[in-house]
Amino acid sequence: MTTKSNSPAVSAIPGSNDIAREVLPNGLIVLARENFASPSVIINGLIQVGSIFETPDSAGLANIVASALMRGTKTRDFDTLHETLESLGASLGIGGGVHTTSFSGKALAEDLRTLLELLSDALRNAAFPADQVERLRGEIQTYLKIRSQDTRSVASDAFRTLAYPSIHPYSHNLYGEPETVARLSLSELIGFHEQNFGPRGMILVIVGAVKTADAINLVRAAFEDWQNPTQPIPPTLPPTPRLNEIRQQAIVVPGKTQSDIVLGWPGPARAELDFQAANLANNILGVFGMMGRLGKTVREDQGLAYYCGSRLTGGIGPGPWQVTAGVNPANVQVAIDSIVAEVNRIVDSPVSDEELADNK
């Protein structure tokens, strides 16, 4: 079914009155919105495949597959792919995630057809050239080495292992581990792509200086014949038990003069009824105005942290609700106690009407 606004005016806020929605026979969902304020067009979207499809022994597989899609296809090598984008002044990128592989791009509206053709080629016809895969593997391994020396990254990795069961995909690093990335084979990359990438449940959003009907027709031309009978249904997340005790770990990274604290728990999934209430509470706790109450108390009033804030990352599953802080090693426990006091305060005491109104 396609819906379209009859009014020529474009609201600043997209809504059901001006977003067209079309589901292709292969299961691909197209969302299109006209906006002729500039001559460009933006595409954005996702494929229903991510690290949730991995095994522990193949950690990092989904990420390296997604990252390799723009390294060359069966019809365009790396240079051809990127020279085409450069000649148009366009951009296109693809990245991996836990539940999905996302993509985004931008071009002049007149080049939308070419942009969609390049996206289709990358998603459907990835060639995984050996030299590019090895270069990518080296880049990922270098990134993992850098992370291992970054106190904030080390603390975040430790948090996931403490907050989630070992069988839960949220407990693992999306990029894998040095040893798992090192042993991933070319045949594993090709097999993962052939089995899991497909159009069912794919979402493609187009916004810009193109008529809705034209945008949908261009997507049809680029993607309607894509089929993958082996494309699996995304697996169900394992349960995330509520934490019933304090779990704490201290890790020493030699040569560092700052300590990073990551404190928190699994939060609500995005579709949970209390997500918006939690999101507002998080805004008050560690986002609004110099990072909310945490920034004011821990950083400004007590001078315990170089930074201190909180983040709620609810998505398809119960993503982390985290407080992060960078502190002098001598102040770690004092800072933790102060953070816990602010968390307890927002749990136990109603916020003021003024604070609530400001954050809304």
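Everything numeric in this text was worked out from a predicted model, so none of it was measured. Because only heavy atoms are used, hydrogens play no part in the values below, and waters and symmetry mates are left out as well, while side chains stay in.
Arg293 places no side-chain N or O within 3.5 Å of a backbone atom of Glu342 that could act as its donor or acceptor partner. Put simply, the side chain of Glu54 gets close to the backbone of Leu61: a donor and an acceptor are under 3.5 Å apart. Remark: the backbone N or O of Ala213 is paired with a side-chain donor or acceptor of Asn217 at under 3.5 angstrom. Of the possible donor and acceptor atoms, none in the side chain of Arg152 sits under 3.5 Å from a partner among the backbone N and O of Thr324. Between the side chain of Glu34 and the backbone N or O of Thr212, at least one donor-acceptor pair lies under 3.5 Å. No donor-acceptor pair closer than 3.5 Å links the side chain of His82 to the backbone N or O of Asp77. No donor-acceptor pair under 3.5 Å is formed between the side chain of Gln48 and the backbone N or O of Arg200.
Within a 6.0 Å radius of CZ in Arg183, other residues, nucleotides and ligands contribute more than 12 heavy atoms. More than 12 heavy atoms of other shown residues, nucleotides or ligands fall within 6.0 angstrom of atom CD in Gln249. No more than 12 heavy atoms of other residues, nucleotides or ligands lie within 6.0 Å of CD in Glu354, so this atom counts as exposed by the packing criterion. Counting heavy-atom neighbours within 6.0 Å of Asn344 CG, excluding the residue itself, gives a total above 12. Under a cut-off of 6.0 angstrom, the local environment of CZ in Arg220 is crowded, with over 12 non-hydrogen atoms contributed by other residues, nucleotides or ligands.
Thr101 is listed as a side-chain neighbour of Ile94, based on a closest heavy-atom distance under 4.5 Å. Within the 4.5 Å cutoff, the side chain of Leu237 has heavy atoms near those of the Pro169 side chain. The closest side-chain heavy-atom distance from Asn26 to Met202 is not below 4.5 Å. Arg135 has its side chain out of reach of Phe78: every pair of non-hydrogen atoms, C-beta onward, lies at least 4.5 Å apart. Annotation: side chain of Val219 is not in contact with side chain of Glu22 (no heavy-atom distance under 4.5 Å). Annotation: side chain of Pro238 is not in contact with side chain of Tyr164 (no heavy-atom distance under 4.5 Å). A 4.5 Å side-chain heavy-atom check between Thr230 and Glu194 finds every atom pair outside the cut-off. With contacts defined as side-chain heavy-atom distances shorter than 4.5 Å, the pair Val30/Phe223 does not qualify.
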I'd like to know whether Ser102 forms a side chain to side chain donor-acceptor pair (under 3.5 Å) with Thr100, so could you lay out the CA-CA distance, the side-chain angles of the two residues, the decisive distance to 0.1 Å, and finally the verdict.
CA-CA 6 Å; Ser102 60; Thr100 61; 5.8 Å; no

List the steps, then state whether side chain to side chain donor-acceptor pair (under 3.5 Å) holds for Asp260 with Tyr306.
CA-CA 10 Å; Asp260 282 84; Tyr306 308 109; over 6 Å; no

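Atoms CG and CG, from Leu218 and Leu204 in turn, are 11.0 Å apart once rounded to the nearest 0.5 Å. Rounded to the nearest 0.5 Å, atoms OG (Ser51) and NE2 (His172) are 9.5 Å apart. For the atom pair CG of Asn44 and CZ of Phe103, the computed distance is 7.0 Å after rounding to the nearest 0.5 Å. The line from CD1 of Ile316 to CZ of Arg270 is 12.0 Å long, rounded to the nearest 0.5 Å.
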Please list every donor-acceptor pair under 3.5 Å in which a side-chain atom of residues 104-114 meets a protein atom from a residue at least two apart or in another chain.
none

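Each of Asn125, Thr80, Asp121 was evaluated against Thr73; a single residue qualifies, Asp121, per the side chain to side chain donor-acceptor pair (under 3.5 Å) test.
Glu355 and Asn359 share no side-chain donor-acceptor pair at under 3.5 Å. Looking at Gln302 and Ser338, their side chains do bring a donor and an acceptor atom within 3.5 Å of each other.
Salt-bridge check for Arg71 with Glu139: passed, with a basic side-chain N closer than 4.0 Å to an acidic carboxylate O.
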